[in-house]
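Note that this is a predicted model, so its numbers are computed, not measured. Just follow the structure's listing: the first ligand is 1, and inside any ligand the first atom is 1.
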Amino acid sequence: MRRTLSISRSFILLAVVSCQIVEAARKPNFVVIFCDDLGYGDLGCFGHPTIQTPYLDRMAAEGQKWTNFYVGASVCTPSRAALLTGRYPIRNGMMSAKRRVLFPDSQGGIPASEVTIAELLKSQGYATAAVGKWHLGHLPQFLPTAHGFDTYWGIPYSNDMDSQKGFPGYRQMAKKDSNYVAPIEQFNVPIVHDTEVIERPADQHTITRRYMQKAIEFIHQHQDEPFFIYLAHSLPHIPLYAGDEFLGNSRRGLFGDVIEEIDAGVGSILATLKDLGLAENTIVVFTSDNGPWLTFDTHGGSAGLLRDGKGTTFEGGMREPTIFWGPGHVKPTVQREMGATMDLLPTFCSLAGFDPPNDRLLDGYDLSSLLLGNTTQSPRDRMFYWREEELYAVRVGPWKAHFITQGCYGREPKREVHDPPQLYHLEHDPAEEYNLAELHSEEIAKIKSIAAEHMKSIQKMENQLTK
Ligand code: MG
């Protein structure tokens, strides 16, 4: 009798221990929610006075709100390449002075030699999904399913491409009426499922809701295994569309309706993770690919107190409102240290317990210690601001030197080379208003030497955007 008891007690003990091992071995899930052309000032929790983002505000309060978080480029295609590969896009041919992004007639895309976050996580047993705008090549060899994603559902390039004749000029209409909604037939953009076109033109009125639903379906389907979802919203890039439930609700007008719909979708995704008991083992990141498209005036977003927007290397083009959430991992705080989308690749590797690739130069840093609250200092102390195929500016600590400046899309300032470079203290002057070059030549010398070292590491690849 005693022996039986002892055996069953051992069995229970063994079962408990093996459950703990399984629990400890379960790698964290990752969800990246990536907007398009969202400005630093476009969320309630980043100071917008009329756009309401209660779900993102709560996400920021429960997680880490990052106030110095960058993208690898100030336009769509190169910025996306940077996030997924952990490298400045100048290293993989995804930046060009002739064509700034990929177009429906482009023959290039993300090279097969690049390693994406999805490929790395997939090799570790993750289920992987891309939902939304891709913009890293629409030919089959460049689509998400050829770059580590098990499945894809979304538009292969920007929502204003495949523009059709016979419609009023969008920019003129939007400038006259910031609530202007174009007929969906004007932009004959397809929806692709894996590699097949399943809808054309995409019904963009419902697209934000459908992206969110696809992400939630994937979470349900893969709740028993580790998963990675890259949810790249095609909005608030123009043309703007909002679902019926949101249209006309925001005091900010149509642009606000769009953001408030994205916000509600974030709320649904976080609620799903909580309902399924996955919240403690999931990390959700919210950010955007580049700053606001200012040439659309009140129809586009706002960089808040930051200077300029999409297309430029001023802060408004490349600093993004960013939130990390993960109740089991991320220590709640306002994070004022530096980070960048290129850091996601090494950070996810670290959190999932494996090494990033060592056969190439990565530009990302492992931010996991900052996220977990084990340190207060970021391993990232510098940021290189590339525009097209030139290094325009460099930040080291709080100091940023502009070697070249240029406004977005034909706006002032026209391209100007600065010698000595303009120098701004970004912690005292985030709006880049007060050039301190004459007072701090030692900071300029330091940044110049770091820039020269960086340039030595650049080996340009075949350009993918001009193919
Ligand atoms: Mg964009």
Angle at the Mg ion (ligand 1) (to 10°), with one arm to SG of C76 and the other to OD1 of D37: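 Computed angle, vertex at the Mg ion (ligand 1), rounded to 10 degrees: 130°.
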Please note down the angle at the Mg ion (ligand 1) between OD1 of D36 and OD1 of N290, to the nearest 10°.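 If I round to 10°, I get 150°.
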Using the ring centroid of each side chain, check whether F246 and H205 are separated by less than 6.0 Å.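 Between F246 and H205, the centre distance exceeds or equals 6.0 Å.
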Centroid separation under 6.0 Å, is that true for the rings of Y126 and F228?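 No: the rings miss the under 6.0 Å criterion.
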Does atom CG (D244) have a neighbourhood of more than 12 heavy atoms from anything else shown, all under 6.0 Å?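 No, CG of D244 has 12 or fewer neighbouring heavy atoms, counting only those of other groups under 6.0 Å.
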Shortest-distance N, O or S atom of D289 relative to the Mg ion (ligand 1):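 Answer by atom name: OD2.
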Residues that S178 engages under side chain to side chain contact (heavy atoms under 4.5 Å, CB included), provided they are two or more places apart: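 Counting only residues at least two positions away or on another chain, S178 forms a side chain to side chain contact (heavy atoms under 4.5 Å, CB included) with T298.
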